[in-house]
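So the structure is just underneath, and the comments pick up after that.
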Amino acid sequence: MAAPEVAAAVSSSLGADPAQVPETAETAAATAATSPAMARTGSEAMVSKAALATKLLSLSGVFAVHKPKGPTSAELLNRLKEKLLAEAGMPSSEWTKRKKQTLKIGHGGTLDSAARGVLVVGIGRGTKMLTSMLSGSKRYVAIGELGKATDTLDSTGKVTEEKPYDKITQEDIEGILQKFTGNIMQVPPLYSALKKDGQRLSTLMKRGEAVEAKPARPVTVYSLSLQRFQPPFFTLDVECGGGFYIRSLVSDIGKELSSCANVLELTRTKQGPFTLEEHALPEDRWTIDDIAQSLARCSSLLPAETALKKSKPEESNEHILSCEYITLSEKKGEDDVIKTC
């Protein structure tokens, strides 16, 4: 009896307002017509995401991004990874039939969080090419501040000493730069990624633990020039080899001038063949298509043998290849597993 009563009620309702009958019919027809279109749109979106995911996983080579001040190099790499995975819709339902897909991505040559500039990134097989980036030349523009020393050797640290600088001239600075050019010995800063007993010196320092300075080590400065002097600030253009610390250079210059100094601003303008102006992708261009184009363009900058070279990481953590291997598990509920080598 319930079914006839419902049927009668519907029939009665429709009969009370005949105008509703054609409207309901049209709506039903429209719904029937749009449902396949909506289904097609959804299907096309899935196919598009699958195509993007496939393209992402096929990317291989070395390119450069523009690191801003603030994040660490590792944090920036995570931000890049997240943007790419979000664009590709990974992990997603299209990939449930596959046990796992692996995206390899890493950076070669750490930049301090307070620094900006070129950060070279390897993706896919390009992670094996990053070691050559660490031993290659780098170029920086550094603004130093005379009269203040800090525990980090830059403006982010605590001021540990202040000395007069009013008698220092441009000629004084230019006159000592030759001492810091060529093959020289340099003591790395205490706040650095170098390690003691498996832990970074910077981490130990932040904990308040006693840390001894690492011994001076050989480094190379290819060119060093004073670009501007407006006391207490001076601007340097430096081209150097791997393992060199601009913070130590500025601090040593201050000491050589019978004063002290720290780094106020630091920009890496070049790393290997990659320049900030020509090759470094800003964050708004961290897309799969833009990176694919950059990889194609940058491949001509590298020697053919680089792709086959598998150099061993050097002892210093500053020279160790910084790679993240992101394994995308397709099992529901599992998070991405990140391994850092």
Step-by-step side chain to side chain contact (heavy atoms under 4.5 Å, CB included) determination, Val263 to Tyr245
CA-CA 11 Å; Val263 174; Tyr245 284 92; over 6 Å; no

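- One distance of note links CD of Gln186 with CG of Asp252; it measures 6.5 Å at 0.5 Å rounding.
- With Asp154 contributing its side chain and Thr156 its backbone, the two residues share a donor-acceptor pair below 3.5 Å.
- Counting only heavy atoms from C-beta outward, the side chains of Asp290 and Phe63 never approach each other to under 4.5 Å.
- In this structure the side chain of Leu236 reaches within 4.5 angstrom of the side chain of Leu226, judged on heavy atoms.
- When side chains are defined from C-beta on, Ile253 does not count as touching Val250, because their heavy atoms never get closer than 4.5 Å.
- In this structure, Val187 and Ala216 approach most closely via the heavy-atom pair CG2-CB, 3.7 Å.
- With a 4.5 Å cut-off on side-chain heavy atoms, Lys67 and Arg116 do not count as touching.
- No chain of hydrophobic side-chain contacts below 4.5 Å, direct or via other Ile, Leu, Val, Met, Phe, Trp or Tyr residues, connects Val159 to Leu146.
- Separating the OG1 atom in Thr72 from the NE2 atom in His107 is a distance of 7.5 Å, to the nearest 0.5 Å.
- Shown here for Phe180 and Ile184, the closest heavy-atom pair between the two residues is O-CD1, 3.8 Å.
- Cluster membership for Ile246 and Phe234, using ILVMFWY side-chain heavy atoms within less than 4.5 angstrom, is shared.
- Taken from CG in Leu56 to NZ in Lys81, the straight-line distance is 11.5 Å, to the nearest 0.5 Å.
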Please step through side chain to side chain contact (heavy atoms under 4.5 Å, CB included) for the pair Leu119 and Arg268, ending with a clear verdict.
CA-CA 8 Å; Leu119 185 67; Arg268 182 156 66 197; 3.8 Å; yes

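- Thr150 places no side-chain N or O within 3.5 Å of a backbone atom of Gly157 that could act as its donor or acceptor partner.
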Chi angles and distances behind the side chain to side chain contact (heavy atoms under 4.5 Å, CB included) call for Val118, Lys270
CA-CA 6 Å; Val118 178; Lys270 187 174 181 287; 5.8 Å; no

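- Listed here is the closest heavy atom pair of Pro164 and Ser259: O-OG, 3.1 Å.
- A donor-acceptor contact shorter than 3.5 Å is absent between the side chain of Ser294 and the backbone of Ile291.
- For the pair Ser60 (side chain) and Arg125 (backbone), a donor-acceptor distance under 3.5 Å is present.
- Taking all atoms of both residues into account, the shortest heavy-atom contact from Gly254 to Ala261 is CA-CB, 3.9 Å.
- Leu111 and Leu264 fall into different hydrophobic clusters, where Ile, Leu, Val, Met, Phe, Trp and Tyr are joined by side-chain heavy atoms under 4.5 Å apart, directly or via other members.
- Under a hydrophobic-cluster definition in which Ile, Leu, Val, Met, Phe, Trp and Tyr are linked whenever side-chain heavy atoms come within less than 4.5 Å, directly or via other members, Ile143 and Val238 are assigned to different clusters.
- A donor-acceptor pair under 3.5 Å is formed between the side chain of Asp151 and the backbone N or O of Lys158.
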Does Leu295 form a side chain to side chain contact (heavy atoms under 4.5 Å, CB included) with Ile123? I'd like the steps, not just the answer.
CA-CA 9 Å; Leu295 287 170; Ile123 190 167; 3.9 Å; yes

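- A distance-only check finds no donor-acceptor pair linking the side chain of Trp286 to the backbone of Leu84 [under 3.5 Å].
- Distance check: Asp237 CG to Arg139 CZ gives 4.0 Å after rounding to the nearest 0.5 Å.
- Once rounded to the nearest 0.5 Å, the distance linking CD of Gln170 with CZ of Arg228 reads 11.0 Å.
- Between the Thr267 side chain and the Gly117 main chain, no donor and acceptor come within less than 3.5 Å of each other.
- For the pair Gly109 and Gln271, the tightest heavy-atom approach, listed with the atom from each and the gap, is CA-NE2, 4.0 Å.
- Side chains of Thr287 and Asp289: no donor on one and acceptor on the other come within 3.5 Å.
- Closest of all the heavy-atom pairs between Phe233 and Phe229 is O-CD1, 3.5 Å.
- Using a 4.5 Å heavy-atom threshold, the side chains of Glu75 and Asn78 count as separate.
- To the nearest 0.5 Å, the span separating OG on Ser113 from CG on Leu76 amounts to 11.5 Å.
- In this structure the side chain of Pro218 reaches within 4.5 angstrom of the side chain of Met185, judged on heavy atoms.
- Between the side chain of Lys163 and the main chain of Ser258, no donor-acceptor pair closer than 3.5 Å is present.
- Judged by distance alone, with hydrogens and angles left aside, the side-chain atoms of Ser248 form no donor-acceptor pair with the main-chain N or O of Phe244 at under 3.5 Å.
- Under the 4.5 Å side-chain heavy-atom criterion for ILVMFWY residues, no single connected hydrophobic cluster contains both Leu153 and Leu224.
- Put simply, the side chain of Phe274 reaches to within 4.5 Å of the side chain of Val62, judged on heavy atoms.
- Between the side chain of Arg217 and the main chain of Gly243, a donor-acceptor pair closer than 3.5 Å is present.
- Asn262 has its side chain within reach of Ser155: a pair of non-hydrogen atoms, C-beta onward, lies under 4.5 Å apart.
- Counted within 6.0 Å of NZ on Lys83, heavy atoms from surrounding residues, nucleotides or ligands total more than 12; the atom is thus considered enclosed.
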